[in-house]
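Each remark here refers to the structure printed beneath this line.
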2 protein chains.
Amino acid sequence: MNVTALGYVLLGLLARESRSGYDLAQNLRRPVGFFWAANHSQIYPQLARLEEEGLVEHEVVDQRDRPAKKVYTLTPRGRETLRTWLVEPLTFPTYRDELTLKAYSLWLADRVEAARMLREHAEEHRAREAVCQTYVDDLTDHASEALTRVDTPEFAAYVAAQRGVSIAREARSWCLWVARLLEAQTPLTEAQLRSLPMPPS
Amino acid sequence: MNVTALGYVLLGLLARESRSGYDLAQNLRRPVGFFWAANHSQIYPQLARLEEEGLVEHEVVDQRDRPAKKVYTLTPRGRETLRTWLVEPLTFPTYRDELTLKAYSLWLADRVEAARMLREHAEEHRAREAVCQTYVDDLTDHASEALTRVDTPEFAAYVAAQRGVSIAREARSWCLWVARLLEAQTPLTEAQLRSLPMPPS
DNA sequence: AGTGGCATGTAAGTGGTTACATGATTGG
DNA sequence: CCAATCATGTAACCACTTACATGCCACT
């Protein structure tokens, strides 16, 4: 019973609510898609595999105004599999970060162009932060009671969305810091080199 | 001339110094490997492709005490290709973060076990931060003059290594924040929910 | 003779992306 | 009738991982 990461994404969504493959594909844009994206071409075969292993079941539901759909539901076994996986130790992730990759060769680049690229990228992270923050705010406004208990889906969504904010801010801070260094007059001072804002270690 | 991210990793390393495929594989552990890891089985074919496209060249170098090696060198065309790519806009990355994925289903988990898992993971990020910080300190100690100019390989390595520190801290802060919430007495207060340390937005 | 590090490759399998393909149903 | 959305799938390709495979050279 080898469940892939995408498998756990789908189990995690179905644990909250039964859904069709189509709906799962839609919900995989916001908010979960911030941490694991997938296309429908991957989702349909994955659901079939999960069903083979008895972790989900489906039921065909006819709709008046739309084509019929297969609604998938988590089985007790699926729920147990998900619960077990949750607390298993994580293998340290191998980052594949094109941004830092570029940074490593930045000494070759045109300073002005490079600073512009970094500021543009920082702007995209600002936008992403705003989307995640909106999600956080919605939860605090409309589910403040659920957030006081850690066993609610809302609490889990809250901490995940906060991670989105946190990651976006980290990326943005770093981009702007490097951009400032590139735009500064050389020689750079020690203070400038140390001025990257960071969460406390 | 479609160069992949791994291609640019290799071009970036060869821009600093000519090396064999074996050496590239070794150097791809620390420090660049923090942002783009690769095995030798990927590197050798990739070098061949880069050579086909005229971005690198190789020369067989005999060694007394060891087997001969193919030393690859960046061509002027390879250098230009790298320089152009550096300032091109980045496509916003699709995160694949298993940690936040687990967080999204955390409401189902055993609180104590989940907090333990998060604290263990935080510890790994602390170790990663230390490795990156050591690299930063080495540069500040032994290449402080080079760091005052943005057109030195040392400066680029410095900002990349600082990104490593920054990412590790962000992850660690978030893990510990969630662990504290899981361990706290419910109901959680607003202050607890807002207590995630972050860089300024 | 065996082990271990240096050095270079190929092959099989997996996960993900992009594109192809089909059909139901509604609304203009 | 046509376009758009809902709904479900398959096929081709690519990057990456893991395993297999070979050979050189030094040291014990």
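Naming convention: chains lettered A, B, ... in sequence-line order (proteins, then strands); numbering from 1 in each chain.
- Among the nucleotides dT8(C), dT18(C), dA15(D), the one closest to any side-chain atom of Thr4(B) is dA15(D).
- The base of dT17(C) is not paired with the side chain of Ser41(A) by any donor and acceptor separated by under 3.5 Å.
- With rounding to whole Å, Leu24(A) atom CG is found 15 Å from dG9(D) atom C1'.
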For this session: Show your reasoning for whether salt bridge (charged side-chain N to carboxylate O under 4.0 Å, His left out) applies to Lys70(A) and Glu51(A).
Result: CA-CA 12 Å; Lys70(A) 297 185 183 177; Glu51(A) 189 157 40; over 6 Å; no

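- Rounded to a whole Å, the CD atom of Gln26(B) is 13 Å from the C1' atom of dT8(C).
- Using a 4.0 Å heavy-atom distance criterion, Ala68(A) is classed as a sugar-phosphate-only contact.
- At dT8(D), one or more side-chain N or O atoms of Tyr44(A) fall inside 4.0 Å of OP1 or OP2 (strictly under the cut-off).
- One finds a side-chain N or O of Gln63(A) lying less than 4.0 angstrom from the OP1 or OP2 phosphate oxygen of dA7(D).
- Between the side chain of Arg16(A) and the backbone N or O of Pro153(A) there is at least one donor-acceptor pair closer than 3.5 Å.
- With Arg169(B) contributing its side chain and Met198(A) its backbone, the two residues share no donor-acceptor pair below 3.5 Å.
- The NZ-C1' distance, from Lys69(A) to dT25(C), rounds to 14 Å in whole Å.
- Remark: Gln42(A) is in phosphate contact with dT17(C), judged by side-chain N or O atoms under 4.0 Å from OP1 or OP2.
- The separation between Arg96(A) atom CZ and dT17(C) atom C1' is 16 Å, rounded to whole Å.
- Atom-to-atom, OH of Tyr22(A) to P of dT5(D) comes out at 9 Å; the value is rounded to the nearest Å.
- Among the heavy atoms of the strands lying under 4.0 Å from Asn39(B) is at least one base atom, whether or not backbone atoms are also near.
- Atom CG in Asp62(B) sits about 13 Å away from atom P in dC24(D), given to the nearest Å.
- At a threshold of 4.0 angstrom between heavy atoms, the contacts of Ala25(B) with the nucleic acid are absent.
- Closest to the side chain of Pro67(B), from the set dG5(C), dT8(D), dA19(D), is dG5(C).
- Nearer the 5' end of DNA chain D, as judged by each residue's closest nucleotide, is the contact made by Arg49(B), out of Arg64(B) and Arg49(B).
- For His40(B) and dA7(C), the NE2 to P distance is 13 Å, given to the nearest whole Å.
- Judged purely by distance below 3.5 Å, without hydrogens or angles, the side chains of Glu154(B) and Tyr158(B) never pair a donor atom with an acceptor atom.
- Remark: side-chain polar atoms of Thr75(B) are paired, donor with acceptor, to backbone N or O of Gly54(B) under 3.5 angstrom.
- Mapping Gln46(A) and Asp23(B) onto DNA chain C by nearest heavy atom places Asp23(B) at the nucleotide closer to the 5' end.
- Per the geometry, CZ belonging to Arg29(B) stands 11 Å off P belonging to dC6(C), to the nearest Å.
- Mapping Thr94(B) and Lys70(B) onto DNA chain C via the closest heavy atom, the residue that lands nearer the 5' end is Lys70(B).
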